[in-house]
Amino acid sequence: MKKGLAVAVFDAAFGPVVYTGANEKEWDEMFGRTAAAGYNGVDLFIDEKNERELCQIKRLLEKHKLGVGLVVCICLKDQGVNFSSPDEKIRKRSVDIYCQEIKKASIFAPCAMPIGIIRGTVSEGETLEDNLKHLAESMHALERCAVSSGIRLCIEPMNRFEANTLLNVPETMAFIEKYELSETYILPDLFHMNIEDKNPADVLRLAGPLIGHMHVADSNRRAPGMGHINYDEVLKALKEIGYDGYLSVEAMPFGDRDGCARQGAAYLEQKMKAVGLNQVL
Ligand code: LER
Ligand code: MN
C-alpha cells in the first residue's frame, strides 16, 4: 500500500488539498515537501494545463521519486461537464471533453481518474432510474477511452451534502454490477463513508477488488488520526482484501499545510505497521 497526498498545481481555493503551487518553482518545492513528509505519490489536482506543463510536472515528480495515484481535472464542472444530463448533447459533449483529459493524463498512467461531482445530479422531474441509465451510457463510452489510455475510472461515492446519486459504496457497487461496467472501479473516501456508510471496514471488505483508489481523511476532514475514524479496522479490512493501491490523504490543512502532511503520513505509517502492512519504500 502506498501513501499519497492531495496537491494542486494551481492556486486552488478547493478545500481538501494539502499543498498548492502555481508555477514550476512552486511545484518543485511542493513535491519536495511531499516526498520529505514520507509520501510515495500524489493525487494531482489540475486546472487547464497544456501538454508542455504536464510534461514539466511529470519531470518534477520523477525528480522527487513521486508516483501519481489520481489525476483530478477540477475545472470540468464549471465547463458544464455532466455525464447524466437528460440532454443527450450535453452527455456526449461531456464524454468528449473527459476523453481529451484522459488522453492528456495518460502521461501519468497507470493511474486513476475520478467520476465525482461531474457525474451530475438528478434534476427536477427526472427519476433516479433515468439519471443512472444516462450515467451508465456515458460510463461505457468513457471506459473505452480510459482503458486505451491506461487510466482506471473510479466512481467516488459522495455524501448527501455534495451529491444526490451514488452516496455510498454498496449503491455504487450495485450500479456497476447492474450496468456491467467491467472497467469501472470505486474510490471510497473515508470522510464521505463516515457520513453515509454504516461501517466503513465492512463495506471495504464487500467492495474488495472494485476498490481502485482510496481517499483518507478523518471524520472532521482533518488529517488521519485527528478525528474518530477507526483506522485499525479500516487497514485490517484493506489488508484482508489485498488492496495494494494508494491511501491518499485528501484533507483540509486548516492553515497548517506541513503539519497536515506530516500528520497524515506519520499516522498512516503507524497504523499500517500495526496491522503488519509492508511499507513501500
Ligand atoms: C473529492 O475527492 C471529494 O472528496 C469531494 O468531497 C470534493 O468536493
Ligand atoms: Mn475524495
Side-chain angles (χ1 to χ4, degrees), residues 1-20 34 39 41-47 68-84 98 101-102 105 108 111-121 135 142 151-169 171-173 184-197 200 203-204 207 210-224 226-227 229 231 234 238 243 245-254 260-261 264 268:
M1 238 176 273
K2 293 168 281 209
K3 299 189 295 289
L5 188 68
V7 300
V9 284
F10 61 99
D11 263 339
F14 175 82
V17 165
V18 180
Y19 287 129
T20 69
T34 302
Y39 292 93
V42 295
D43 278 13
L44 204 57
F45 286 72
I46 62 174
D47 55 358
V68 175
L70 187 77
V71 175
V72 190
C73 311
I74 204 70
C75 39
L76 298 180
K77 183 166 180 283
D78 297 343
Q79 290 174 17
V81 169
N82 173 354
F83 297 130
S84 63
Y98 210 41
E101 292 302 324
I102 287 171
F108 301 113
C111 65
M113 287 181 78
I115 306 287
I117 201 64
I118 50 176
R119 59 174 169 271
T121 54
L135 176 60
L142 289 166
I151 298 289
R152 231 178 12 266
L153 288 177
C154 296
I155 297 176
E156 182 171 18
M158 295 162 82
N159 74 68
R160 65 194 63 215
F161 305 107
E162 296 187 41
N164 67 8
T165 67
L166 307 179
L167 304 183
N168 58 54
V169 172
E171 268 175 34
T172 308
M173 288 172 64
T184 296
Y185 296 86
I186 299 176
L187 196 180
D189 179 323
L190 291 180
F191 171 70
H192 299 299
M193 294 182 83
N194 177 61
I195 298 168
E196 300 293 346
D197 284 281
V203 160
L204 292 171
L210 270 178
I211 300 176
H213 190 74
M214 281 286 298
H215 275 165
V216 293
D218 220 307
S219 46
N220 46 22
R221 210 161 212 180
R222 287 178 180 272
M226 306 295 278
I229 288 179
Y231 270 81
V234 165
L238 291 173
Y243 175 71
Y246 273 92
L247 298 176
S248 281
V249 175
E250 186 192 53
M252 309 285 275
F254 289 113
C260 180
L268 288 176

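Atoms within a ligand are numbered from 1 in the order they appear, just like the ligands themselves. Heavy atoms only: backbone and side chains are in, while hydrogens, waters and symmetry mates are out.
Judged purely by atom type and a 3.5 angstrom limit, Asp197 has no side-chain atom pairing as donor or acceptor with the backbone of Pro200. Not a single donor-acceptor pair under 3.5 Å links the side chain of Asn164 to the backbone N or O of Thr121.
For atom 5 (C) of ligand 1, the closest heavy atom belonging to the protein is Glu162 OE1, 3.3 Å. Atom 2 (O) of ligand 1 has its closest protein heavy atom at Glu250 OE2, 2.6 Å.
The minimum distance between the Mn ion (ligand 2) and any N, O or S atom of Glu250 involves atom OE1. For Asp189, the N, O or S atom with the smallest separation from the Mn ion (ligand 2) is OD2.
Remark: Lys77 does not engage Glu162 in a salt bridge, criterion side-chain N to carboxylate O under 4.0 Å.
Atom CG of Asp47 and atom CG of Asp78 lie 11.0 Å apart (nearest 0.5 Å). The CE atom of Met214 lies 5.0 Å from the CG atom of Leu238; values are rounded to the nearest 0.5 Å. Note that OH of Tyr231 is 6.0 Å distant from CG of Leu268, once rounded to the nearest 0.5 Å.
Residue contacts with ligand 1, taken as heavy atom pairs separated by less than 4.0 Å, do not involve Lys77 at all.
Residue contacts with ligand 1: His213 is excluded, as none of its non-hydrogen atoms falls under 4.0 Å.
Atoms of ligand 1 lying under 4.0 Å from any heavy atom of Asp189, numbered from 1 in the order shown and given with element: 4 (O). Taking every heavy atom of Met158 and a limit of under 4.0 angstrom, the matching atoms of ligand 1 come to 5 (C). The atoms of ligand 1 that sit less than 4.0 Å from any heavy atom of His215 are 2 (O).
Within the 4.5 Å cutoff, the side chain of Cys111 has no heavy atoms near those of the Leu70 side chain.
The angle His215:ND1 - the Mn ion (ligand 2) - Glu156:OE2 amounts to 100°, with values rounded to 10 degrees.
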